[in-house]
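What follows is a single structure, written as structure tokens, with notes after it.
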There are 2 protein chains.
Amino acid sequence: MRTFLEVSSSGSFQASAEKLHVTQSTVSARIKALEEQLNQALIIRKRNGCELTTAGRLFHKHAVAAVQAWERARQEIALPDDMTGVFSFGIQMNHWDYIAPKWLDIMWKTEPSIATRVISDYSDPLMVQLRDGHIDMAILYRPIHQPNIHIEQLLDDKLILVSTEPRTLEMGRVDGYVFVDWGDEFRAQHNLAFPKAYIPKISFGAATIALNHILKNGGSGYFIEGFIKHFLEDETLFLVGNSPTFHRPTYLGYPTTAIDSRLHKAAIRALRKIIN
Amino acid sequence: MRTFLEVSSSGSFQASAEKLHVTQSTVSARIKALEEQLNQALIIRKRNGCELTTAGRLFHKHAVAAVQAWERARQEIALPDDMTGVFSFGIQMNHWDYIAPKWLDIMWKTEPSIATRVISDYSDPLMVQLRDGHIDMAILYRPIHQPNIHIEQLLDDKLILVSTEPRTLEMGRVDGYVFVDWGDEFRAQHNLAFPKAYIPKISFGAATIALNHILKNGGSGYFIEGFIKHFLEDETLFLVGNSPTFHRPTYLGYPTTAIDSRLHKAAIRALRKIIN
DNA sequence: ATGGATGTATCGCTATTTTCGATAGGCGTT
DNA sequence: AACGCCTATCGAAAATAGCGATACATCCAT
């Protein structure tokens with residue numbers, strides 16, 4: 001089918017042969033074999049090149065579909081030669097920058113022959129992928145308990161309000177406040193703590209972008225304590241006095257069947273090392 | 001990929017081997033080859049059968065896509081052994097019953113080694129398929145002139161109002177009138193000829209269904225004269241006196257490149273034979 | 001423990017298929 | 001008529017797929 005597509009786009013057996021690094025007779029034989037399997041002429045051979053028959057044009061889209069399916073499969077799951085396996089780790093959006101780089105680093109060192117895929121998404125789609133066995137492990141905010149999926153609390157993130165300038169909550173509202181969307185629960189708590197009328201000008205779905213924004217333009221917002229610890233230490237950011245602190249527990253999920261796989265153990269160990 | 005799918009659904013190499021009518025060692029080799037191409041384990045062999053790895057589960061949907069693409073292609077274009085080609089003929093919905101059976105009959109006799117596909121659709125989609133070279137010829141109500149597509153008038157259908165009972169238009173409206181939708185132009189003419197307020201209770205997109213309806217339940221409607229000629233002759237249907245007659249030209253379209261193909265000539269000859 | 005049942009991996013051999021290289025043949029151009 | 005540009009075909013070589021037998025691992029019942 002790949003050869004057919006090549007011929008149909010180049011309009012020549014010879015050109016296709018070169019592109020595919022085979023001889024022209026091979027191309028001829030391949031097309032012939034395809035036509036025999038379908039018992040149907042696909043290509044009209046002409047004096048100067050060739051063109052598709054009606055059947056060939058109909059066949060074209062299916063050939064594309066089949067070739068693409070294979071290419072996508074390769075893309076998605078094929079491994080480099082020196083790797084013996086993959087570990088797929090789903091991370092709730094806002095934890096990506098906070099956890100993934102360090103985790104990758106440790107995995108790379110402790111399991112050099114294992115390729116790692118980090119999938120960044122929201123809790124719900126990650127849960128689905130976990131259930132369907134498309135990822136091996138996931139960090140989630142909103143786990144759904146399901147048979148065969150083991151859920152455990154990983155940590156209890158503290159969300160604190162920080163600002164690029166030292167101030168307290170009493171000093172009144174500032175222009176630079178950005179709302180970082182840490183999910184349903186946070187939104188609810190946030191609404192309780194702050195007057196409803198207060199709708200921030202800027203809101204971010206991704207914490208890293210929000211952080212970059214206030215670092216560049218000044219402002220304030222809620223971030224995970226551990227994530228911005230060093231900004232507080234070097235006084236790039238300041239804790240806003242008397243501001244409420246929110247908690248959000250974070251969970252780790254993986255298939256129960258994987259509990260005693262060596263790889264899972266290594267992956268979890270790497271995670272715990274980062275957290276502590 | 002087919003073998004992979006079989007294994008993933010049966011959960012056993014042996015069972016798959018039987019279903020696919022090969023030996024177990026073949027199944028083993030096939031899966032091994034697939035895994036080697038992707039450089040990735042897809043199936044965990046266990047004491048009692050086997051199950052998919054994470055990569056295997058990811059691969060599954062692509063395997064389905066690829067296999068389906070091939071199956072669909074076969075479905076759509078593969079030919080029985082004794083056929084040497086296909087002729088695809090698109091017919092505007094409402095001409096199906098009127099023309100297709102007779103045309104198929106003639107083609108079957110004059111070109112016994114050519115399989116025929118009759119595609120029934122509305123003018124616009126047929127025009128698209130004609131342009132894309134997915135059909136070889138089409139009967140259209142509303143042709144769009146395009147380069148490389150030859151359009152010629154095939155006939156000039158006369159739409160007449162017939163009823164299951166002898167009557168004239170002056171006898172007033174009857175309950176049994178069904179509106180047969182012969183397309184935009186007919187709708188416009190129909191609206192002009194009949195008061196706008198008159199909205200029929202029943203309308204049909206397909207003439208045959210409409211015809212069957214009035215033959216069974218009584219009533220009246222517009223039909224192609226040639227199509228119902230014999231009903232008038234045997235007095236099953238009667239021409240409604242003083243009713244307006246509408247005309248709708250019908251066109252034949254085919255790629256200009258096909259003008260002197262033997263098959264096209266035969267197909268057109270068959271058509272003309274039916275019309276006269 | 002032991003033997004049997006069940007399940008997959010592997011090996012050697014054969015048949016089939018694929019590919020190549022060379023050659024033949026069709027068609028249009030010069 | 002010769003040449004260039006196509007594709008088809010043929011025989012030989014190489015690669016691959018499939019089979020059958022056997023090996024090997026594990027579970028289960030005795």
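A quick note: this is a predicted structure, and the numbers were derived from the prediction, not measured. A note on names: the letters A, B, ... follow the listed sequences, proteins ahead of strands, and every chain is numbered from 1.
Near DNA chain D, meaning a heavy atom under 4.0 Å from it, residues 2-13 of chain B has no residue at all. Near DNA chain C, meaning a heavy atom under 4.0 Å away, there are no residues from residues 31-43 of chain A.
Between B:Glu18 atom CD and C:dT6 atom C1' the separation is 13 Å, expressed in whole Å. A:Arg45 has its CZ atom 15 Å from the C1' atom of C:dG25, to the nearest Å.
Between the A:Thr250 side chain and the A:Tyr141 main chain, no donor and acceptor come within less than 3.5 Å of each other. Side-chain N or O atoms of A:Arg57 include one that pairs as donor or acceptor with a backbone N or O of A:Leu52 at under 3.5 Å.
For the residue pair A:Ser123 / A:Arg142, no side-chain donor-acceptor distance below 3.5 Å is found, with atom types taken as modelled. Counting only N and O atoms by type, the side chains of B:Thr23 and B:Thr26 include a donor and acceptor under 3.5 Å apart.
Listed pair A:Arg30 / C:dT18 fails the phosphate criterion, with no side-chain N or O lying under 4.0 Å from OP1 or OP2.
The only option from B:Tyr251, B:Trp103, B:Phe89 that meets the side chain to side chain contact (heavy atoms under 4.5 Å, CB included) definition with B:Ile139 turns out to be B:Phe89.
Remark: A:Glu76 engages B:Lys61 in a salt bridge, criterion side-chain N to carboxylate O under 4.0 Å. Ionic pairing of A:Arg262 and A:Glu111 is present here: one or more N-O contacts between side-chain nitrogen and carboxylate oxygen are shorter than 4.0 angstrom.
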For nucleotides 20-23 of chain C, tabulate all protein N/O to nucleotide N/O atom pairs closer than 3.5 Å, reporting atom names and distance.
residue : atom : partner : partner atom : Å
C:dC20  : OP2  : A:Thr23 : N            : 2.9
C:dC20  : OP2  : A:Thr23 : OG1          : 3.1
C:dC20  : OP2  : A:Thr26 : OG1          : 2.4
C:dG21  : O6   : A:Ser25 : OG           : 3.2

Got a list of protein N/O to nucleotides 27-29 of chain C N/O distances below 3.5 Å?
none

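The number of heavy-atom neighbours closer than 6.0 Å to CD of B:Glu51, taken from other residues, nucleotides and ligands shown, is above 12. Within a 6.0 Å radius of CD in A:Gln75, other residues, nucleotides and ligands contribute 12 heavy atoms or fewer.
For DNA chain D, the outermost nucleotides in 5' to 3' order that have an atom under 4.0 Å from a heavy atom of chain B are D:dG18 to D:dC27.
For the atom pair CD1 of A:Ile144 and CG of A:Asp124, the computed distance is 5.0 Å after rounding to the nearest 0.5 Å. With rounding to the nearest 0.5 angstrom, the CZ atom of A:Arg45 is 7.5 Å from the SG atom of A:Cys50.
Looking only at side-chain heavy atoms (C-beta outward), A:Val7 and A:Arg30 stay at 4.5 Å or farther from each other.
Nearest heavy-atom pair, B:Leu130 versus B:Pro255, reported as atom, atom and distance to 0.1 Å: CD1-CD, 4.4 Å.
Screening residues 1-20 of chain A for ring pair (Phe, Tyr, Trp, His ring centres under 6.0 Å) gives A:Phe4-A:Phe59 as the qualifying pairs, with residues at least two apart or on separate chains.
The aromatic rings of A:His264 and A:Tyr254 sit tilted relative to each other, their planes meeting at an angle between 30° and 60°.
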